[in-house]
Visitor: 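For reference, the structure I am asking about is given below.
Here is the naming used below: chain letters follow the sequence lines, and residue numbers restart at 1 for every chain.
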2 protein chains.
Amino acid sequence: MGGPRFEPVQAVRAYERVVEQVEEAIERGVLTPGQRLPSERDLMVQFSVSRSTVREALRVLQARGLVRSRPGDPNGAEVLAFSPATLHKSMSTLARVSELSLAELVQFRMVLDASANLLAARLRTEEQLAEMDAAIARMREAVEESYESFSAADVAFHDAVARASGNKLIQICTDVVRSIVLDLVSEKIAGASDRKALMLESIGHHEEVLAAVRAGDGPLAARLARRTMYDYYAVYVPEGERPALLALLE
Amino acid sequence: MGGPRFEPVQAVRAYERVVEQVEEAIERGVLTPGQRLPSERDLMVQFSVSRSTVREALRVLQARGLVRSRPGDPNGAEVLAFSPATLHKSMSTLARVSELSLAELVQFRMVLDASANLLAARLRTEEQLAEMDAAIARMREAVEESYESFSAADVAFHDAVARASGNKLIQICTDVVRSIVLDLVSEKIAGASDRKALMLESIGHHEEVLAAVRAGDGPLAARLARRTMYDYYAVYVPEGERPALLALLE
DNA sequence: GCTAGTGCACTGGTCGGACCAGTAGGCTCT
DNA sequence: AGAGCCTACTGGTCCGACCAGTGCACTAGC
């Protein structure tokens with residue numbers, strides 16, 4: 001016992017130290033989105049490593065969505081504003097390799113969307129209500145056009161609600177999970193025969209939700225939002241897993 | 001109008017194609033966790049690219065948490081089971097770079113934890129209830145020990161609830177956001193003077209939540225969980241942002 | 001015979017140099 | 001003054017080399 005306790009030193013690879021430094025600079029605001037990194041040949045001098053090492057570091061930073069490099073660009077790599085793209089990426093691989101079921105994803109959407117509506121009912125501005133109105137109007141037009149435009153309008157509605165919730169994390173996660181769910185059910189939807197009826201029913205549900213949001217009745221809006229989502233996606237969920245979704249509908 | 005519509009071809013870099021192929025093999029189950037990739041020198045023959053290109057591809061795959069390579073390993077890189085580590089990484093940079101406030105993070109936790117409790121109230125097994133009991137018992141012991149062990153027991157409780165919810169996505173996101181929140185408030189908590197009172201109060205709240213879960217009263221458990229989280233974290237949230245949290249407490 | 005120690009044949013990590021295709025901006029020529 | 005070329009960069013890729021580890025087979029010693 002006693003004596004100095006040494007921490008285990010793990011060989012930190014050179015490219016990782018490069019990543020760390022650049023990452024820290026970005027997070028501390030020293031490097032802001034739109035700014036350019038020095039060229040790879042400059043970086044290899046500044047860090048006194050080889051260009052291979054610099055490039056491996058840049059690949060990691062690029063995979064994390066922090067920078068982007070373009071061949072032939074006279075400037076260096078560009079510092080990017082954070083986008084949920086990498087979050088989306090990791091969550092979709094999670095969905096694929098970690099065997100997330102559609103039921104779990106829809107359930108998650110139900111939770112998030114309901115919360116977004118609950119918050120939006122109290123915090124929404126008139127402009128945001130107008131956006132939701134416009135989105136529903138576009139949904140109605142799109143019924144006669146294509147499923148794609150209907151879906152786009154539907155997404156716009158849910159996104160407006162998410163933004164009105166005032167919580168960026170809810171907004172981003174909603175967006176990410178939604179696109180994963182849409183990917184999963186897209187082929188199934190394409191084969192549905194009574195699509196038009198489903199769309200019309202969905203529009204009615206959305207109007208009820210919006211009415212509750214407009215009235216400021218958060219709990220009602222949340223309940224309706226859950227119900228709307230369930231009615232729309234339940235058919236794609238294996239019957240055995242539907243009870244878990246119903247559990248959210250009290 | 002008319003004529004063939006060509007899609008814009010964007011120069012796909014060689015290392016990206018390598019990433020794609022390996023990624024697809026992992027997602028299709030051709031490569032399963034624990035298996036080894038061929039060595040870099042083998043891969044450069046198979047893909048007929050240089051080792052630099054192979055290495056850049058491996059860096060990307062490693063950044064995405066799909067493989068890990070160890071120097072000196074006689075085998076190639078190891079295929080990893082997906083862990084939320086990369087999800088955690090991207091969400092924490094999101095929290096730092098994208099200026100997520102503590103209020104938003106806590107609000108998100110309130111939403112997820114409440115839903116987990118709602119579901120757990122219906123789906124929990126006896127073993128899971130026992131786990132929650134044990135966690136609370138450890139919390140009580142830890143009051144006299146240290147904040148760290150108290151926090152660890154607290155995490156164990158919430159994790160047991162999240163697992164009992166039956167939704168892996170809720171579990172993972174709860175875990176990720178929780179650790180980010182704990183990081184943010186850790187230094188503030190360290191300076192709190194009346195920590196013991198807070199801990200005791202928190203234990204009482206947890207017991208109420210657990211009672212509701214045991215009784216199968218989901219809505220009550222959810223409400224209590226939100227309240228518990230609010231009471232515990234509100235002091236760290238700037239006063240101006242607390243109303244947004246209160247909006248969840250109906 | 002079996003164990004302990006030693007090489008050896010790999011591995012990944014890093015380096016340096018080289019070439020290519022692309023870009024942007026300055027330059028020249030008209 | 002404008003249109004076109006030219007050049008000096010950029011990133012992408014390749015090659016060859018060396019180093020420090022690791023695991024395994026082999027060997028020397030018991």
Visitor: Are B:R64 and B:E23 within salt-bridge range, i.e. N to O under 4.0 Å?
Guide: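 Between B:E23 and B:R64 there is a salt bridge, with a charged N closer than 4.0 Å to a carboxylate O.
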Visitor: B:R17 has an atom CZ; how far is it from atom C1' of D:dG12, in whole Å?
Guide: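 In whole Å, D:dG12 C1' and B:R17 CZ are 11 Å from each other.
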Visitor: Using a 4.0 Å cut-off on protein heavy atoms (strictly under), produce a 5'-to-3' string for nucleotides 6-13 of chain C with B for base contact, S for backbone-only sugar-phosphate contact, and - for none.
Guide: -----BBB
Visitor: Taking atom P of C:dC15 as reference, at what distance in whole Å does atom CZ of A:F47 sit?
Guide: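 Spelled out: CZ on A:F47 to P on C:dC15 is 12 Å.
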Visitor: Is the backbone N or O of B:V49 less than 3.5 Å from a side-chain atom of B:T53, with the two atoms forming a donor-acceptor pair by type?
Guide: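 Not confirmed, B:T53 side chain does not pair with B:V49 backbone.
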Visitor: Separation of A:M44 atom CE from C:dA18 atom P, in whole Å?
Guide: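 Answer to the nearest Å: 12 Å.
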Visitor: Atom CZ of B:R36 to atom C1' of D:dT22: distance rounded to whole Å?
Guide: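 Distance, rounded to whole Å: 11 Å.
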Visitor: Which residues satisfy the side chain to side chain contact (heavy atoms under 4.5 Å, CB included) test with B:E24, sequence neighbours excluded?
Guide: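 Expected list: B:R28.
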Visitor: Taking side chain to side chain contact (heavy atoms under 4.5 Å, CB included) as the test, write out the residues that go with A:P33, two or more places apart.
Guide: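 By the side chain to side chain contact (heavy atoms under 4.5 Å, CB included) rule, A:P33 matches A:A81.
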Visitor: When you check the gap from the basic side-chain N to the acidic O, do A:R178 and A:D113 get nearer than 4.0 Å?
Guide: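 Not counted as a salt bridge, because no side-chain N and carboxylate O are separated by less than 4.0 Å.
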Visitor: Select base, sugar-phosphate, or nothing to describe what B:S52 touches, counting heavy atoms under 4.0 Å on all strands.
Guide: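 If one applies the 4.0 Å heavy-atom cut-off, B:S52 turns out to touch a base.
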Visitor: Any Lys/Arg nitrogen of B:E104 or A:K168 sitting under 4.0 Å from an Asp/Glu carboxylate oxygen of the other?
Guide: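 Yes, this pair counts.
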